Amino acid sequence: MILTVVGARPQFIKAAALSLALKNLGINEQIIHTGQHYDEKMSKVFFEELGIPGVAKNLAVGSGQHGAQTGEMLAGIEEHINQNQSDIKALLVYGDTNSTLAGAITAAKLHIPIIHVEAGLRSFNRTMPEEINRVITDHISTYLFCSSREGVNHLKNEGITKNVFNVGDIMYDAVKSFLPYAKAPQEIKSNSARYNLITIHRPSNTDDIQRLQTILTGIGKIEESCYWPVHPRNKATLNQLVLPKNLVLCEPFSYFEMLYAIKNSVKVITDSGGLQKEAYWLKKPCITIRPQTEWIETLDNNWNQLCDGSTDSIVNCYQNDPIENTWKSIYGEGNASTLIAGTIKTSLFS
Ligand code: UD1
């Protein structure tokens with residue numbers, strides 16, 4: 001059996017693709033949800049919409065400081081394994097959240113092989129909690145599945161070469177299979193005008209109110225409406241901000257709503273990791289409000305632009321368009337889940 005640990009929104013999307021591929025190969029999987037994301041619109045809606053198999057255990061850890069949150073997850077995952085372990089062949093984690101780190105560390109201590117999907121990513125910015133999570137997870141993983149050559153090279157530079165597989169990006173699988181189900185969010189349905197899609201949630205952009213205000217003021221200089229599905233972490237501070245008139249605040253979108261919102265937008269402005277790729281696959285220009293990106297391939301030909309968040313830089317980036325006819329397939333062919341499941345089967349079940 002494969003024990004999968006998920007906890008945050010992007011991991012539910014990745015799990016949807018891989019769980020199906022594992023099932024298709026007859027591989028038994030059990031899912032632990034750490035409860036890192038717990039609001040209905042951050043969690044339940046994804047399980048329902050994407051048909052993710054039932055959760056064996058929800059640790060309901062919820063929010064907290066990094067230490068407390070991760071520590072509680074470690075204890076919960078360990079307890080679950082000790083109570084239920086019979087034939088766990090490996091523990092599988094996705095990406096770079098605190099849930100990823102907790103799953104990986106628990107497995108390492110219990111001598112259970114670790115499968116890391118989305119391995120080898122680096123921003124080289126160690127002030128980001130995600131960078132710490134990914135570096136540690138990669139260094140204790142047994143099977144490492146990368147989204148691109150770049151990931152493989154990063155691992156090689158850190159001395160990790162065994163059981164490293166370049167399979168493409170699993171989020172592409174999800175985009176391809178679920179795009180036919182895209183549906184308009186309520187807020188967008190009633191408005192047929194051109195719009196941009198905004199998501200801002202990273203601590204580095206939102207913990208300092210002045211910084212967030214500067215970003216929003218820059219967004220206010222854009223002519224079209226900008227729809228912002230607000231992450232729950234940012235709700236509390238909204239009333240301290242002067243919101244520009246073109247900004248439309250929305251509840252978090254489900255995955256099908258997100259696909260619609262990207263597909264029908266003019267441009268995407270974000271600090272998310274996954275959204276940079278989703279914008280690329282759906283051929284939408286992206287502006288990333290961060291000093292660096294792990295997804296450097298998206299920067300070619302202006303499909304994605306890094307922006308420092310100042311008013312000028314938002315306005316300047318917004319005026320730039322990608323170079324015509326330069327879109328090409330990056331991060332694989334959208335079959336990462338089949339490739340990963342196949343490798344797991346050969347390596348662990350034969
Ligand atoms: C986490 C990941 C980040 C990922 C993001 C995806 C880490 C370190 N960060 O960030 O890499 O891009 O998920 O969304 O793991 N909250 C709620 N309801 C929820 C979830 C969160 O209200 O269902 C609020 C709480 O105030 C909480 C805050 O959001 O304190 C932050 O949540 P947390 O899970 O710690 O990190 P994210 O910012 O969501």
Side-chain angles (χ1 to χ4, degrees), residues 5-16 33-48 50 55 58-74 76-77 93-105 116-119 121-123 125-138 169 171 174 197-209 212 228-240 249-255 257-258 268 270-279 288-290 292-295:
V5 174
V6 293
R9 188 167 52 173
Q11 291 163 340
F12 310 143
I13 299 163
K14 294 165 197 170
H33 187 331
T34 62
Q36 177 170 354
H37 285 174
Y38 46 89
D39 282 0
E40 188 168 328
K41 291 192 166 147
M42 298 291 285
S43 175
K44 186 164 170 234
V45 90
F46 289 83
F47 281 80
E48 288 174 357
L50 306 179
V55 167
N58 188 326
L59 303 175
V61 164
S63 305
Q65 300 288 319
H66 285 268
Q69 188 186 49
T70 313
E72 238 186 280
M73 291 176 191
L74 285 169
I77 300 166
V93 287
Y94 297 96
D96 52 22
T97 71
N98 290 344
S99 299
T100 313
L101 181 68
I105 291 181
H116 187 202
V117 175
E118 211 181 72
L121 265 197
R122 295 291 179 269
S123 66
N125 176 356
R126 292 217 173 166
T127 64
M128 288 176 73
E130 293 82 3
E131 184 74 356
I132 306 299
N133 294 344
R134 359 178 136 100
V135 171
I136 296 174
T137 302
D138 282 340
D169 198 289
M171 284 188 103
L197 174 68
I198 315 288
T199 79
I200 307 284
H201 76 282
R202 294 227 168 252
S204 55
N205 281 333
T206 61
D207 283 0
D208 174 356
I209 289 283
L212 182 55
W228 180 18
V230 181
H231 187 300
R233 68 175 293 138
N234 304 127
K235 280 199 175 141
T237 53
L238 289 178
N239 59 5
Q240 298 170 42
L249 301 181
C250 311
E251 287 295 311
F253 292 163
S254 74
Y255 187 60
E257 289 173 336
M258 198 64 180
V268 170
T270 190
D271 59 7
S272 147
L275 190 47
Q276 295 171 52
K277 291 176 291 172
E278 289 167 337
T288 298
I289 305 192
R290 281 179 46 189
Q292 63 283 110
T293 177
E294 302 80 41
W295 306 107

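In each ligand, atom 1 is the first atom listed, and ligand 1 is the first ligand listed. The model shown is predicted, which means the values in this text are computed figures rather than measured ones.
Using a 4.5 Å heavy-atom cutoff, the side chains of P232 and K41 are not in contact. Inter-residue side-chain proximity for V61 and Q36 is flagged as unmet; no heavy-atom pair is nearer than 4.5 Å.
With T100 as the fixed residue, the side chain to side chain donor-acceptor pair (under 3.5 Å) test singles out one of R134, E118, Q11: Q11. Exactly one residue among F46, Y38, F47 makes a ring-ring contact (aromatic ring centres under 6.0 Å, His included) with H33. That residue is F47. The residue from I198, T199, I200 that alone fulfils the side-chain contact (heavy atoms from CB on, under 4.5 Å) condition with T270 is T199.
Ranked by closest heavy atom to atom 27 (C) of ligand 1, the top entry among P252, S63, A236 is S63. Among E40, H37, R233, the residue whose heavy atom lies closest to atom 39 (O) of ligand 1 is H37.
For ligand 1, the atoms lying closer than 4.0 Å to a non-hydrogen atom of P232 are 16 (N), 17 (C), 18 (N), 22 (O). Atoms of ligand 1 lying under 4.0 Å from any heavy atom of D39, numbered from 1 in the order shown and given with element: 17 (C), 18 (N), 19 (C), 22 (O), 23 (O). Which parts of ligand 1 touch Q69 is read off a 4.0 Å heavy-atom cut-off, strictly below it: atoms 34 (O), 35 (O).
Between Q276 and T293, the side chains place a donor N or O and an acceptor N or O closer than 3.5 Å (distance only, hydrogens not considered).
Within the 4.0 Å heavy-atom criterion, neither part of S43 lies near ligand 1.
For atom 9 (N) of ligand 1, the closest non-hydrogen atom of the protein is E130 OE2, 3.4 Å.
Residue contact annotation: H66 has a non-hydrogen atom under 4.0 Å from ligand 1. For the pair H231 and ligand 1, a heavy-atom separation below 4.0 Å is found.
Below 3.5 Å of separation, one finds no N or O of S99 facing any N or O of ligand 1. In terms of N/O distances under 3.5 Å, ligand 1 is not approached by T97.
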